[in-house]
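Working notes, structure below.
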Amino acid sequence: MSNSTFDADGITLEKVREYVWEIPQEGDMRTPARVLASEALLEEIKEDKTLQQLKNTTHLPGITKHAICMPDGHQGYGFPVGGVGALDAENGCISPGAVGYDINCGVRMMKTNLTYDDLKGNEQELVDSLFANIPSGLGGGGIVESGVDTVDEILARGVDWALENGYAVEDDLLHCEDEGHREEADPSKISQKAKDRGKNQIGSLGSGNHFLEVQRVTDVFHDEVGSAYGLEEDQIVVLIHCGSRGLGHQTCNDYLRKIEKQHQGLLNKLPDKELAAAPAGSQLAEDYYGAMNAAINFAWVNRQLIMHRTREVFERVFDRSWEEMEMDLLYDVAHNIAKKEVHDVDGEERELYVHRKGATRAFPAGHPDVPEAYRDVGQPIIIPGSMGAGSYVLRGGENSMELTFGSTAHGAGRLMSRTQAKNEYWGGDVQDELEAQDQIYVKAQSGATVAEEAPGVYKDVDEVVRISDELGIGDKVARTFPVCNIKG
DNA sequence: ATGTGC
């Protein structure tokens with residue numbers, strides 16, 4: 001291996017500059033592909049199909065500049081998790097596999113004015129109460145039990161529905177990506193089957209890597225931005241990570257099947273059937289976009305209801321109103337979405353379907369889509385690490401529009417499969433160790449889930465965030481450490 | 001991620 005190339009078992013990456021690697025265009029690739037990573041992270045990324053999948057995505061019509069893999073990238077369905085693909089919205093296409101099965105899987109951070117000392121001694125009561133009151137695990141049971149009419153309203157209006165029904169305050173909408181609502185949602189494009197799956201899961205965490213975590217802020221790296229975000233050391237915050245449950249999963253599946261049937265021509269030209277895409281301008285592209293936006297609204301309501309219930313739990317445990325505890329939403333970011341955005345491409349303004357799959361929007365200071373409260377410092381970005389590592393708050397960096405279509409990483413990224421994790425770890429032992437060594441209280445529906453999510457199955461979130469910060473796509477603002485964690 | 005295969 002020379003200084004300027006990295007050999008990944010048959011795929012050679014050329015070093016463009018520090019932390020920027022390029023797979024040159026060849027064969028039917030329409031653009032080069034880029035990986036943003038240190039050599040240490042590349043050593044992990046090359047171990048699965050991520051790089052081949054990344055190359056494959058450059059075959060998608062309308063791919064612009066290059067396909068990009070974030071420092072936390074790993075293999076996914078067709079398109080890598082941690083992938084960003086900007087596809088021309090007029091002449092390109094839209095691909096459900098490049099959005100992900102869990103449409104608008106995402107994360108929000110709610111602040112409090114409590115300190116770690118206020119909470120110490122109450123951890124067990126708090127974790128028990130959160131676990132008892134917030135539905136989690138596979139299958140049904142949500143905070144709101146409803147008919148399909150309510151599902152339709154949620155799909156159409158997102159967090160506006162929650163506001164009108166007493167589950168949100170105006171301020172919650174103002175501190176959410178897209179204000180908790182995609183205008184282009186079309187509930188009529190979501191199948192009855194998807195709605196039936198969703199109707200009893202409104203306000204539920206789900207399983208897998210989804211969780212609710214009470215954390216304490218351990219470091220504030222940037223005074224000006226930390227103060228604009230209202231973050232200080234020892235403060236208690238709450239992180240909620242979940243998505244669109246069965247409704248989003250069913251929607252992704254429905255459209256993959258439709259595309260396979262109706263757009264065989266395009267499919268046959270792609271190197272992987274899992275990249276199935278609907279050509280821009282086709283009826284199916286419009287239908288999927290309407291359905292995906294509706295599922296995005298559903299996921300935002302899901303996180304909103306869980307946050308609402310969390311406020312109620314804190315009120316009972318700490319015997320004060322949530323307003324008194326200043327339990328305000330810092331921000332909510334989507335991890336699995338596509339959005340029509342206008343970007344500058346070689347001096348030309350172009351409308352693109354920006355696919356962010358396991359990637360976070362990271363708009364810099366001054367961008368009109370950054371909420372007014374944060375416009376001067378940049379959009380908040382929340383990057384969860386494992387339940388033993390804690391998380392980061394970043395802000396959209398100056399270089400994100402040029403390097404990544406305004407995106408950065410979304411998490412630590414898995415190191416091993418769920419099956420492998422269950423062979424390596426025993427859930428109960430992981431819980432005991434976290435409590436004894438780090439005073440982290442974990443409560444889960446299933447020990448298997450704890451084993452699958454053991455801290456050791458994740459990459460080093462510090463290293464992922466370091467690369468984002470060094471590249472100036474998302475800058476470090478604060479770090480948190482877990483106190484209580486509930487999961488499915 | 002997911003009424004734990006597509």
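Below, chains carry the letters A, B, ... as their sequence lines are ordered, and counting in each starts from 1.
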Quiz: residues 480-488 of chain A side-chain donor-acceptor pairs under 3.5 angstrom, not counting sequence neighbours:
{"from": "Thr480(A)", "atom 1": "OG1", "to": "Gln215(A)", "atom 2": "OE1", "distance (Å)": "2.8"}
{"from": "Thr480(A)", "atom 1": "OG1", "to": "Ser391(A)", "atom 2": "N", "distance (Å)": "3.1"}
{"from": "Thr480(A)", "atom 1": "OG1", "to": "Ser391(A)", "atom 2": "O", "distance (Å)": "3.3"}
{"from": "Asn485(A)", "atom 1": "ND2", "to": "Glu213(A)", "atom 2": "OE1", "distance (Å)": "2.6"}

Contact list please: residues 238-248 of chain A against DNA chain B, heavy atoms, distance less than 4.0 Å, in numerical order. Arg245(A), Gly246(A)
Name the orientation class of the two ring planes belonging to Trp161(A) and Tyr167(A) (parallel below 30°, tilted from 30 to 60°, perpendicular beyond 60°). parallel
Spacing between Gln445(A) atom CD and dT4(B) atom C1', to the nearest angstrom: 16 Å
Could you state the CD-C1' distance from Gln201(A) to dT4(B), rounded to the nearest angstrom? 14 Å
Keeping to residues at least two apart or across chains, list the salt bridge (Lys or Arg N to Asp or Glu O under 4.0 Å) pairs with something in residues 128-137 of chain A. Asp128(A)-Lys443(A)
Want to settle it: does Lys273(A) or Arg414(A) sit nearer the 5' end of DNA chain B, counting the closest nucleotide to each? Arg414(A)
To the nearest Å, how far apart are His249(A) NE2 and dC6(B) P? 7 Å
What's Lys357(A) touching, base or sugar-phosphate or nothing? Going by heavy atoms closer than 4.0 Å. nothing
Output every pair passing side chain to side chain donor-acceptor pair (under 3.5 Å) with a member in residues 268-278 of chain A, not counting sequence neighbours, ordered by first then second residue. Glu260(A)-Lys273(A)
What's the OH-P distance between Tyr101(A) and dT4(B), to the nearest Å? 13 Å
Here the distance between atom C1' of dT2(B) and atom CD of Gln250(A), to the nearest Å, is 10 Å
Please identify each residue that fulfils side chain to side chain donor-acceptor pair (under 3.5 Å) with Asp160(A), with sequence neighbours left out. His181(A)
Find the distance Lys258(A):NZ to dC6(B):C1' and express it as a whole number of Å. 17 Å
Using a heavy-atom cut-off of under 4.0 Å over every strand shown, decide if Glu260(A) touches base, sugar-phosphate, or nothing. nothing
What's the CG-C1' distance between Asp272(A) and dC6(B), to the nearest Å? 14 Å
Between dT4(B), dC6(B), dT2(B), which one does the side chain of Arg257(A) approach most closely? dC6(B)
Residue whose closest nucleotide on DNA chain B lies nearer the 5' end, Lys422(A) versus Glu453(A): Glu453(A)
For the side chain of Tyr77(A), counting heavy atoms from C-beta on, which of dC6(B), dT4(B), dT2(B) is nearest? dC6(B)
When rounded to whole Å, the CD to C1' distance for the pair Glu452(A) and dT2(B) reads 12 Å
Distance only, no hydrogens: is a donor on one side chain within 3.5 Å (strictly under) of an acceptor on the other, for Ser244(A) and Asn104(A)? no
Residues in ring-ring contact (aromatic ring centres under 6.0 Å, His included) contact with Tyr229(A), at least two apart in sequence or another chain: Tyr374(A)
